Amino acid sequence: MSINRFFRRGRWDDERARELEAHLAIETDDNIARGMSPSAARAAARRKLGNPTLVREEIYQMNTIGFLDSAWRDLRYGARLLRLNPAFALVAILSLALGVGANTAIFQLLDAVRLRTLPVNEPQQLMEIRIADTTGGRTGQFSGRRPSLTNPLWERIRDRQQAFSSAFAWSGAPFNLTTGGEARYAQGLWVSGDFFGTLGVPAVAGRVLTADDDRRGCAAPPAVIGHGFWQREYGGNPAAIGRRLMLNGHAYEIVGVTPPSFFGVEVGRAFEVAVPLCAEPLSRGERSGLDKSDVWFLAAFGRLKPGWTVERASAQLAAISGPMFQETLPPRYRAEDAKRYLTFKLGAFDAATGVSSLRRNYESPLWLLLATTGLVLLIACANLANLMLARATAREREVAVRLAIGASRWRIVRQLLSESLLIAAVGAVCGAILAQWLSRFLVGFLTSANSPIFVNLAFDWRTFAFTAALAVATCLVFGLMPALRVTGTAPGAAMKAGSRGSSDTRERFGLRRVLVVFQVALSLVLVVGALLFVRSLRNLMTVDAGFRQDGLLVVNLDLGKAGIPVERRTAVHDDITSRLSALPGVTSGAHAFIVPVSGSGWNEKVIVNGARQPDNVNFNGVSADYFKTMGTPMLNGRAFNAQDTLASEKVVIVTEGFARKYFPNQNPVGQMFQVEEGAGAPRPYLKIVGVVKDTKYTDLREPFTPLVFQPTSQNDEPDTFLQVVLRTAAPLATITSEVSAAVAAFSPSIVTQFQTMESQVRDSLLRERLMATLSGLFGGLAALLATIGLYGVMSYMVARRKNEIGIRMALGADRAHVVRMVLREAAILLAAGVATGLVIAVVAARTATTLLFGLQPGDPGTLAMAAGGLALVAMLASYLPALRASRLEPTEALRED
Amino acid sequence: MAKAKDKLAILRGTLDVLVLRSVSARPLHGFEISLWLDEQSEGALEIDDSALYQALHRLEAKKLLQGAWGISENNRRARYYRLTPAGRRQLTEQTNRWDEIVRAVNRILRPA
């Protein structure tokens, strides 16, 4: 069976035809020579040859690969049918493209976030080194995106571990590229010397960092930049190597560039610049964590030695943990914290797919979205199945004839399936194209200025396999059933004149009813889901946060380079704050250690009436006008004032929740309590002078927690960071430029960063916004598809029952009666679908409980709204066919066959 | 239908070698081959033309024959077939095999 011959079979066939013609001609000549008349000669020759077409067919069969040949014919026939029915083709391909596209887009994102391994050498050998069990919490200062370890712990791990051929630690932080004024940040990493070596990442230009670059006390450290950063900031110029790069006010020499595919070890982050860990003090100054055992900011990875397993590595790390934690025990720890610290053990964990906050926050929503789009695709397929069933029924005669003259059932099913496959394939290709656009939109939605998301959305083999599998599955789902149905009828019955085919039997119509009920049920589930998420988002956006969110500008100031000594800092903070508050357009201003909903927090344990309270209490340090600026009402007592200084009695303001919890049934003003400090540290009494309304702390989703506010004027360790909140009605551009000017006038080396409270809150609600938007979109799409399906079935039903309707009208039924009859049919289908859908919805909504706010999954209001809305739309859609039925002329209807 | 098919089935392998023999001396076209076989067998073998053309196609596909268009004696276009070296080898082989088969069958049917 030569492939060559297969592709040339048409030509071979032509040759044979000519050859047989030639044969006939020659034989005719021969016969004439023997004395026959020309017509007799030709007749004799033809009789002897037999049927030339048969010969040609036999030879053609020898040349062809039967299966491929018939498949190709089927596809061409299918294509022609689609061309003749452009409306059907368009609807089918469009609904499939939407379904497949949505699924593929979500899958692509999931693939990038969850499934793909890091683009480094042998990622499956990479393990994360961290404390195995941190229940009970850790104490200290936490910064960075993955604060698993302190530097003293890391240095000991680096020197004493045996399970890894090499290991590295890293910490991610934004690096400011400017030297004063408004900040511009690059995604930065402090990395230990073996970072690039362990990962096996080469340099595409220059060199990468090595262990030699990471020696404590490095004064002129090098920097390695990422490929994208190189393109953006230096235009890809090789002369960038050797240039100076200012990061956080210090100069670094660029020594190399990494390949474009490398993005670090955090999925969803871009890699822009890495500097050695020894350079951390250059940025952080006195806040450097390198020598502090209670500053957690590092994460560590290691590459397993060949032959070692993850269990063996974990065991080895656990064995060396004891002395390590003993040596690094922070002296300021309280007794209980110290006890817990000493029980920590290190362990090794799989890290082939890297680590990711993107994954942590979005993995379950993405799976949920994938399920949603899967349902949308199913609904679209049900629509298509109904459509295909209708078309197949129309071709019943053709199928019957084919069966009668000898086609096997399987052959016809194959032909019908290849039509479905064509639709599925074209739909899938369009869907894949749509998916590219949709997934880029998704990433754009998830990205914000503060935490930009970078995901490599390449169309790799896994996505392709997923799309192809979807195409085949949908083709089978909507194509196989009608094909089997139609070929199942006995040809004789189908061909009987006047027969309406077996689609009208109770049984066949029942199938389409089941499909519609199925569609309605599924789309109800999706509409319920969409409503739940939309209402959840609305709840979050309208929740009482305890302060006024609008018109609040947050200005972050870094005074690190301004060289202000500690004792002058509080005065400087107050000075800056009052200058900014005096700007035109600013109603009031204050500064705070922690701004609400910013992701930062500070908690302590308190001692009330001599009894140590077990729960953590959240703290904040604020200036006098804080509550006025934030719009938090004062319920009792007074605000901080100029009398509260370092020398005077220590005062605090608490929230009503704190007062209720620790001083119930008493007037909290005037009461005292202590903060549990470390061993040997003084524990002054704090007097409550005021009570404010409850306010949210780090997250809008949390319930109100007890809060304690200390005055910044009584802070004996003021920071070089200052966060000013300004209440202003002025437009953003105006106010930011005014603030920048005022700050620069004070000192040009101060770095500023702006954010409005509104956008901060919006960013924190990103996940809920994503779910609400997308599930709303898909829910709407599902409802639309289901309505179209219902409309289609109702129209079909009306068309097929014309006879019956005609008779009824002739016997005296009026228009209204007919409309009622049709609507009753529709209502039954709808009721069945809604009932099934409600049951499924209640069960399915349980999976989304963690993503909802202020709502129970089985919330009856939402269910009622969804069912009511869907029913209304569906009944409207059924009204049209009903109206058409009522408009039939009885004589015309009766004349119908 | 079945009976004719049986006959063809037995003859198919034999028809192939007969066709090879027919063009071993000089190239012939389809009709000429049919005539030649008819003459040489003195009318005993009735060659079905459709079977002949199938055989010709088969042999050409296996590269035992090579076909080319030409002009016949009566100025008609016809496709001439000639033996390739591989075909000649195959002819010798199959002829020898045929002899062996005949000898073996004869030994059974007509024991000496």
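Everything numeric here is computed off the predicted structure, so don't read it as measured data. Residue numbers start from 1 in every chain, and the chains themselves are labelled A, B, ... in the order their sequence lines are given, proteins ahead of strands.
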From CZ (B/Phe31) to CG (A/Leu20), nearest 0.5 Å: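 Between atom CZ of B/Phe31 and atom CG of A/Leu20 there are 13.5 Å.
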
Check every N and O of chain B against chain A and note each donor-acceptor pair under 3.5 Å, with its distance.
from, atom 1, to, atom 2, distance (Å)
B/Asp49, OD2, A/His23, NE2, 3.3
B/Asp49, OD2, A/Lys48, NZ, 3.4
B/Tyr53, OH, A/His23, ND1, 2.6
B/Gln54, NE2, A/Glu58, OE1, 3.3
B/His57, ND1, A/Arg16, NH1, 3.1
B/His57, NE2, A/Asn63, OD1, 2.8
B/Arg76, NE, A/Asp29, OD2, 2.9
B/Arg76, NH2, A/Asp29, OD1, 3.4
B/Arg79, NE, A/Glu15, OE1, 3.2
B/Arg79, NH2, A/Glu15, OE1, 3.2
B/Tyr81, OH, A/Arg16, NH2, 3.3
B/Tyr81, OH, A/Glu19, OE1, 3.1
B/Tyr81, OH, A/Glu19, OE2, 2.7

How close do A/Ala22 and B/Ala78 get, heavy atom to heavy atom, and via which atoms?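 Where A/Ala22 meets B/Ala78 most closely, the heavy atoms are CB-CA, 4.4 Å.
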
Which answer fits A/Leu24, side chain, backbone, both or neither, if we ask what part of it has an atom under 4.5 Å from a heavy atom of chain B?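 Contact with chain B involves no heavy atom of A/Leu24 at all.
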
Checking heavy atoms, do the side chain of B/Leu52, its backbone, both or neither come under 4.5 Å from chain A?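 Looking at B/Leu52, nothing touches chain A.
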
